Amino acid sequence: VITYTTIICGLCREGHVILAAHIFRSMQRQGVLPNVYTYNAMMDGHCKAASPSEAFSLFQEMLRNGLWPNIVTFGTLIDGSCKVGDLVSAQMLVACMMKQGILPNALIYNCLIDGYCKACNVEEAVCVYSGMTKLNIWPNVFTYSILIKALCNKYRGVEAAALLHKMQQAGIQANLVTYNTLIGGYCKQQNMDAALKICSLMIENRIEPDVITYASLIDGYCKQGMVNLAMGLYSEMAIKGLTPDVVAYTALIDGHYKDGNLNEAFRLHKEMEDLGITPNAFTLSSMVDGLSKAGRVNEAVKFLQGRMELTDLTGTTPSQGPDASPDWRYSLPNRITYTALIHSLCRDGQIVKAQKFSRDMRIFGLRPDVVTYNVLMWGQCQSRHLLNAMSLHADMLKMGIEPD
RNA sequence: ACACAUGAAGUUU
């Protein structure tokens with residue numbers, strides 16, 4: 001059982017949930033019965049794949065098999081529910097576990113607080129927070145990081161920094177994630193001076209900046225149009241022995257495109273591939289959008305078609321079976337990539353080709369969203385095809401997409 | 001052998 005559980009856990013962590021589910025079934029066929037740990041691991045896999053409903057049916061199954069859920073079981077399901085914004089289910093699970101005499105711990109309160117914060121319901125988050133302190137369950141470094149992030153998202157950077165102080169005074173040391181959260185928050189607000197101040201604070205506290213720290217700063221500088229400073233950090237990473245990852249590269253590529261420096265964007269794109277860092281849908285979107293906005297629409301089309309042929313080749317051979325290798329799935333274009341391309345074709349007056357790609361994306365199972373429809377309607381209006389624009393509008397209503 | 005927090009891309013000329 002321990003061997004199987006370890007394997008299932010590892011597969012889930014790598015994103016191979018479907019494969020893990022097959023192992024989970026085949027172990028039972030071989031007479032090895034899953035225990036609470038196995039069920040917990042499998043449920044967590046489903047939750048992390050954003051399908052808590054699968055996890056809930058396993059939960060029912062484990063109850064039918066006479067296994068008692070423990071605090072990890074509830075923590076897993078509560079986190080999964082919170083992550084998809086289903087706070088009603090999360091609260092029901094809390095009530096359910098308490099009825100069984102299991103009291104929620106700080107981890108479970110953290111999941112609820114994070115869930116409410118991400119649902120933009122800070123009042124409820126604060127309620128949960130005071131609820132836990134009243135029960136003498138003390139907020140930990142996770143709790144504070146979650147709250148700091150929520151304040152940053154509300155453009156309350158000053159209060160976020162104050163909370164950093166408060167946690168230190170409560171005897172809780174900020175860690176790498178806490179600092180990165182604040183740095184990222186300031187970078188997003190384009191307050192690079194404040195971000196750098198937090199960097200020096202973390203270094204004073206002997207916490208080494210990592211790839212995420214650098215990527216946040218790089219993106220912040222790129223968005224300020226200070227690509228030279230971003231490149232300075234990029235070379236600093238190399239000296240420190242840190243390799244930029246796909247996120248850092250994508251931020252730089254996007255920054256160079258928006259700076260009008262296409263050659264540097266191309267160079268970085270080639271460099272990351274040479275290093276074995278697979279460009280993902282974000283990278284593809286930046287490439288397509290950058291090429292398009294530089295007036296090189298047809299190259300953007302060719303680039304994307306080239307990528308798709310490439311992924312088809314690698315996608316059919318090594319990843320047969322029930323699970324798909326994320327290597328090729330992640331490098332496929334997504335809805336945003338297509339929308340960027342459709343927009344550029346519309347801008348270029350190639351409305352028929354834009355419609356072709358709009359059909360293609362559906363064939364690949366990608367649902368257009370409100371931005372895609374906005375772009376398509378804008379394209380029709382540009383061509384003075386007003387009735388086509390209206391039928392697109394009717395279409396989106398029929399698909400249940402709210403116009404904005 | 002099991003659960004919690006951090007960074008990148010598209011519409012509004």
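Treat the numbers as computed from the prediction; the structure is a model and nothing was measured.
Within 4.0 Å (heavy atoms only), T181(A) reaches sugar-phosphate atoms of the nucleic acid but no base atom. Residue-level contact check: N140(A) touches neither bases nor backbone, having no heavy atom under 4.0 Å from any strand. In this structure, V375(A) reaches the sugar-phosphate backbone alone: every heavy-atom distance under 4.0 Å involves primed, P, OP1 or OP2 atoms, never a base. Residue V288(A) is classed as having no contact, given no heavy-atom separation below 4.0 Å to the nucleic acid. Using a 4.0 Å heavy-atom cutoff across all strands shown, D404(A) reaches no nucleic acid atom at all. Note on S145(A): a base of the nucleic acid sits closer than 4.0 angstrom, heavy atoms only. Here I253(A) lies out of heavy-atom contact (under 4.0 Å) with every strand. Among the protein residues, N153(A) comes within range of no part of the nucleic acid, since none of its heavy atoms lies under 4.0 Å from any strand. Nucleic acid contact for A215(A): base, since at least one base atom lies under 4.0 Å from a heavy atom of the residue. Nucleic acid contact class of T372(A) (heavy atoms, under 4.0 Å, all strands): base.
If you check A8(B), C4(B), G7(B) against the side chain of K188(A), the one that comes closest is A8(B). Listed nucleotides: A3(B), G7(B), A8(B). Nearest to the side chain of L107(A): A3(B). Checking A1(B), U12(B), C4(B) against the side-chain heavy atoms of N35(A) singles out A1(B) as nearest. Distances were taken from every side-chain heavy atom of H343(A) (C-beta onward) to each of C4(B), U12(B), A9(B); the shortest belongs to U12(B). Minimum atom distance to the side chain of F142(A) is reached by A5(B), of the listed G7(B), A5(B), A8(B). Candidate nucleotides A3(B), C2(B), A9(B) were compared by shortest atom distance to the side chain of K258(A), and A9(B) ranks first.
Checked against the 6.0 Å centroid criterion, the rings of H269(A) and F303(A) qualify as a close aromatic pair.
Whole-Å rounding puts the M43(A) CE to A3(B) C1' distance at 10 Å. For the pair R347(A) CZ and G10(B) P, the interatomic distance rounds to 11 Å; values are reported in whole Å. Residue I401(A) contributes atom CD1, which lies 14 Å from atom C1' of U11(B) at whole-angstrom precision. Separating the CG atom of D289(A) from the C1' atom of U11(B) is a distance of 10 Å, rounded to the nearest angstrom. What separates CG of N40(A) from C1' of C2(B) is a distance of 5 Å, to the nearest Å.
Checking T250(A), D254(A), T337(A) one by one against S286(A), the side-chain hydrogen bond (donor to acceptor under 3.5 Å, both in side chains) holds for a single residue, D254(A).
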